[in-house]
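Lettering follows sequence order; numbering is per chain, from 1.
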Protein chains: 2
Amino acid sequence: MRDVAALAGVSLKTVSRVVNEEPGVSPDVRERVGAAVRRLDYRPNLAASNLRRTGARSGLIGALVQDVSNSFSASLLRALEDAARAHRTGVLAASLDEGVDREQELVHDLVTRRVDGVVIMPASDRQDYLVAELRTGTPAVFVDRPPRGVDVDSVVADNALGARLAAEHLLDRGHRRIAALFHLPQITTASDRRAGFTAAHTDRGLRPDERLVVEGITSTDEASEVVHRLLDLAEPPTAIFAGRNILASGAVRALQERGLHRSVALVGFDDFPLADLLDPPLTVIRQDVSKMGRLVAERLFARIGGDTSPPQHVVVEPTLVARGSGEIPPGA
Amino acid sequence: MRDVAALAGVSLKTVSRVVNEEPGVSPDVRERVGAAVRRLDYRPNLAASNLRRTGARSGLIGALVQDVSNSFSASLLRALEDAARAHRTGVLAASLDEGVDREQELVHDLVTRRVDGVVIMPASDRQDYLVAELRTGTPAVFVDRPPRGVDVDSVVADNALGARLAAEHLLDRGHRRIAALFHLPQITTASDRRAGFTAAHTDRGLRPDERLVVEGITSTDEASEVVHRLLDLAEPPTAIFAGRNILASGAVRALQERGLHRSVALVGFDDFPLADLLDPPLTVIRQDVSKMGRLVAERLFARIGGDTSPPQHVVVEPTLVARGSGEIPPGA
DNA sequence: CTACGGCCTGACAACGTTGTCACAGGGCAG
DNA sequence: CTGCCCTGTGACAACGTTGTCAGGCCGTAG
């Protein structure tokens with residue numbers, strides 16, 4: 001900047017004025033400075049600028065998702081990125097892998113970096129630690145899983161409803177032995193889905209077969225093993241509800257290995273690429289990820305813009321997409 | 001920091017020393033300052049620190065990929081993230097969507113933000129513009145597609161080899177009318193793959209049927225339409241080579257719609273989740289994405305660390321993964 | 001001619017931090 | 001007792017930028 005000022009024969013402040021397009025600079029000076037800027041390929045130092053400006057923004061938001069390479073997280077990230085771009089803001093993305101400590105570390109790191117806001121798909125059970133972090137004024141919005149121990153905006157799917165839709169779909173087709181695979185029970189999405197699954201039964205005066213309900217499954221391989229085990233039972237399930245996208249993959253694999261993919265019904269939670277190309281095409285509960293991403297960004301940038309209204313908790317309704325695998329009748 | 005110094009009864013500089021764990025501070029002062037830091041929840045301002053320190057790092061790298069939500073880009077991003085974490089560095093990710101202008105803008109933006117380095121999966125044909133950007137000292141590493149017009153490190157797959165493997169696999173099984181779908185020809189990955197496809201034929205004294213080779217396909221839907229059209233020909237292909245993951249999806253869809261998925265062979269380029277669960281399981285050319293990500297990070301952090309050796313161009317060999325779809329004989 | 005106001009421009013301090021250097025105090029050798 | 005070195009600490013400037021304010025110039029009205 002000093003060099004630019006020297007080359008243009010003006011003071012530092014005037015260069016600053018031109019660079020920031022402030023009014024009150026005569027056209028010819030503006031032109032001289034502009035030429036000098038181009039000639040020297042001058043780039044303003046955003047960090048220094050932010051340092052001086054009171055309450056300036058870093059133009060950066062943090063996004064902590066479960067796993068950047070998971071299709072759900074990735075799609076969400078993409079929606080966030082698009083919304084952030086409109087605010088000339090970059091997205092700093094990181095994967096938590098359900099690591100509670102990592103969540104805390106990364107939030108701390110992001111706040112220390114002075115990001116303008118944070119989007120969190122939490123791995124932790126409770127987020128009391130956030131209260132201290134948010135005192136710095138950094139807004140946070142939760143997505144996919146609601147906050148506990150701290151009251152901030154959130155955008156989540158109605159997981160109980162989604163699971164209920166899946167279970168009702170299967171029950172309505174006559175299934176009575178429905179297996180269900182869920183993620184870690186301490187994660188609210190998993191417990192809500194389980195609750196919805198159960199409620200669909202009790203509403204009809206039925207009860208889920210507890211031997212067929214398995215919680216705490218964290219990987220595709222594990223899901224596959226569990227399905228194999230369930231199919232070995234004396235009274236194997238006639239249908240399966242996979243409570244998460246990677247669990248559905250495991251279930252599909254196990255059924256194919258058994259040659260049962262056309263005999264046992266399957267409904268997955270979360271849509272994913274190619275689900276419609278499987279044999280049979282996979283019936284799923286779909287969350288509108290792009291919409292969720294947009295809503296999250298909307299809340300976050302409202303907060304960044306100074307919105308101090310009470311925290312909003314947006315619930316998005318999932319829908320059932322019938323493609324074939326969920327419409328297999330019992331005993332097929 | 002001023003408050004911390006006041007509370008601990010020391011000077012600013014001493015607080016700085018304690019925070020940065022510099023030697024030469026007596027244990028009791030260190031303790032007092034530490035207590036004050038905790039009590040006030042003091043967080044050092046990284047931007048100010050970087051401003052003062054000469055040649056300090058921002059602890060941030062930029063990653064410009066084709067599309068954050070594409071499984072290839074997402075997996076690469078994840079590998080980058082893991083490697084960056086080891087260097088206490090965050091990843092600023094953005095999608096280019098093959099937008100040439102956006103690529104330039106984003107690179108400019110990242111350099112202006114003073115990121116420590118940039119990973120680029122370029123959308124542009126040539127990157128002469130980078131020369132000016134890199135004069136600032138920001139290192140760049142290309143991935144998936146090699147640089148042109150600027151000489152920097154790169155990590156790419158041997159695309160010609162991959163396509164050759166696919167074509168040979170099909171030719172060896174007796175196919176002679178092999179359709180091939182490619183992305184935009186100005187993108188080197190696409191043209192290299194096409195060249196490899198052709199070479200496999202000429203090596204055997206054959207020639208690809210040009211009516212069956214289609215370039216410039218950018219979406220799944222378009223790929224699907226093209227396959228439908230090719231299947232309508234008087235002499236339809238007995239096998240298809242899809243030169244990119246999203247094109248393979250379109251081909252699978254078209255074949256399924258025709259009920260030909262078990263009669264026409266198909267080999268895709270790029271592995272993706274669930275490819276092994278399709279009917280029939282999809283034979284693909286696999287690039288080891290995690291490995292590529294690691295290699296990219298290795299080069300980038302070496303450069304950030306001061307490595308000034310000549311640019312390295314790492315080529316990763318893809319492999320063919322036979323799963324079924326590529327082993328369908330002609331006329332099945 | 002004087003006075004006043006508006007338009008441009010620049011000097012200076014400040015943002016939060018750290019590199020440099022100076023200095024106080026204490027221990028130790030001569 | 002003197003002089004030196006070492007250890008611990010602080011004052012000050014500087015990083016690159018912008019907010020504040022003062023001041024010079026010009027035109028216009030009185």
Side-chain angles (χ1 to χ4, degrees), chain A residues 1-37 40-60 88 109 111-116 135-138, chain B residues 1-37 40-60 88 109 111-116 135-138:
Chain A
M1 183 154 156
R2 208 165 25 213
D3 300 340
V4 172
L7 182 59
V10 297
S11 73
L12 284 178
K13 180 63 208 185
T14 299
V15 175
S16 169
R17 273 192 266 260
V18 173
V19 170
N20 293 294
E21 299 179 9
E22 286 175 31
V25 179
S26 66
D28 64 323
V29 169
R30 190 181 297 282
E31 184 45 47
R32 282 215 315 279
V33 173
V37 163
L40 299 178
D41 191 26
Y42 162 77
R43 292 152 195 265
N45 183 324
L46 212 125
S49 170
N50 282 341
L51 184 59
R52 186 58 180 83
R53 275 194 237 257
T54 45
R57 296 179 189 155
S58 61
L60 225 47
R88 306 188 48 77
D109 191 57
V111 172
T112 300
R113 277 182 196 276
R114 310 294 203 267
V115 295
D116 296 334
R135 259 200 298 272
T136 61
T138 313
Chain B
M1 181 152 156
R2 211 167 20 218
D3 300 339
V4 172
L7 182 60
V10 297
S11 74
L12 286 178
K13 179 62 206 186
T14 298
V15 175
S16 168
R17 273 192 266 258
V18 173
V19 170
N20 293 294
E21 298 178 9
E22 285 175 31
V25 180
S26 66
D28 64 322
V29 169
R30 189 179 299 278
E31 184 47 46
R32 283 216 311 282
V33 173
V37 163
L40 301 178
D41 191 26
Y42 162 77
R43 293 153 195 265
N45 184 324
L46 212 126
S49 170
N50 280 342
L51 184 59
R52 184 59 179 86
R53 275 194 237 257
T54 45
R57 296 178 190 158
S58 61
L60 227 47
R88 307 187 47 77
D109 191 57
V111 172
T112 300
R113 278 182 195 276
R114 309 296 203 267
V115 296
D116 297 333
R135 259 201 297 271
T136 61
T138 313

Asks: With sequence neighbours excluded, what pairs up with B:E31 under the salt bridge (charged side-chain N to carboxylate O under 4.0 Å, His left out) test?
Replies: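 So B:E31 forms a salt bridge (charged side-chain N to carboxylate O under 4.0 Å, His left out) with B:R38.
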Asks: Report yes if the side chains of A:V37 and A:V18 come closer than 4.5 Å at any heavy-atom pair, otherwise no.
Replies: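 They are not in contact (no side-chain heavy atoms under 4.5 Å apart), so the answer is no.
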Asks: Would you say that A:R17 contacts A:V10 through its side chain, given a criterion of any heavy-atom pair below 4.5 Å between the two side chains?
Replies: no
Asks: Quick check on the helix from C:dC1-D:dG30 to C:dG30-D:dC1: what's the angle between its two end axes, five base pairs per end, to the nearest 10°?
Replies: 60°
Asks: Among residues at least two apart in sequence or on other chains, which ones pass salt bridge (charged side-chain N to carboxylate O under 4.0 Å, His left out) with B:D41?
Replies: B:R43
Asks: Applying salt bridge (charged side-chain N to carboxylate O under 4.0 Å, His left out), can you list everything that pairs with A:R52, at least two apart in sequence or on another chain?
Replies: none
Asks: Not counting sequence neighbours, which residues clear side-chain hydrogen bond (donor to acceptor under 3.5 Å, both in side chains) with B:R113? List them please.
Replies: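 With sequence neighbours excluded, B:R113 shows a side-chain hydrogen bond (donor to acceptor under 3.5 Å, both in side chains) to B:D109, given in chain and number order.
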Asks: Check nucleotides 23-28 of chain C for protein N or O atoms closer than 3.5 Å to its own N or O atoms and list the pairs.
Replies:
none

Asks: For residues 24-35 of chain B, which residues have at least one heavy atom under 4.0 Å from DNA chain D?
Replies: B:G24, B:V25, B:S26, B:V29
Asks: Write down the atom of B:L51, the atom of A:N45, and the distance for their closest heavy-atom approach.
Replies: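 Residues B:L51 and A:N45, closest heavy atoms: CD1-ND2, 4.1 Å.
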Asks: Got A:R114 and B:L46 here, is their nearest side-chain heavy-atom distance under 4.5 Å?
Replies: no
Asks: For B:D3, check side-chain contact (heavy atoms from CB on, under 4.5 Å) against everything at least two apart and list the hits.
Replies: B:L40
Asks: Nucleotides 17-20 of chain C: which of its N/O atoms have a protein N/O under 3.5 Å away?
Replies:
{"unit_1": "C:dT17", "atom_1": "OP1", "unit_2": "B:Y42", "atom_2": "OH", "d": "2.8"}
{"unit_1": "C:dT17", "atom_1": "OP1", "unit_2": "B:N45", "atom_2": "N", "d": "2.6"}
{"unit_1": "C:dT18", "atom_1": "OP1", "unit_2": "B:N20", "atom_2": "OD1", "d": "3.2"}
{"unit_1": "C:dT18", "atom_1": "OP1", "unit_2": "B:N20", "atom_2": "ND2", "d": "2.7"}
{"unit_1": "C:dT18", "atom_1": "OP1", "unit_2": "B:R53", "atom_2": "NH2", "d": "3.3"}
{"unit_1": "C:dT18", "atom_1": "OP2", "unit_2": "B:S16", "atom_2": "OG", "d": "2.5"}
{"unit_1": "C:dT18", "atom_1": "OP2", "unit_2": "B:N20", "atom_2": "ND2", "d": "3.2"}
{"unit_1": "C:dT18", "atom_1": "O2", "unit_2": "B:R52", "atom_2": "NE", "d": "2.9"}
{"unit_1": "C:dT18", "atom_1": "O2", "unit_2": "B:R52", "atom_2": "NH2", "d": "3.3"}
{"unit_1": "C:dG19", "atom_1": "N7", "unit_2": "B:K13", "atom_2": "NZ", "d": "2.8"}

Asks: Establish, with yes or no, whether the OP1 or OP2 oxygen of D:dG10 is under 4.0 angstrom from a side-chain nitrogen or oxygen of B:T14.
Replies: yes
Asks: Just jot down the side-chain hydrogen bond (donor to acceptor under 3.5 Å, both in side chains) partners of A:S11, sequence neighbours excluded, or say none.
Replies: A:T14
Asks: Among all residues two or more places apart in sequence or in another chain, which pass the side-chain hydrogen bond (donor to acceptor under 3.5 Å, both in side chains) test with A:R30?
Replies: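 With neighbours one apart ignored, the set is empty.
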Asks: For A:T112, which residues count as a side-chain hydrogen bond (donor to acceptor under 3.5 Å, both in side chains) partner, sequence neighbours excluded?
Replies: none
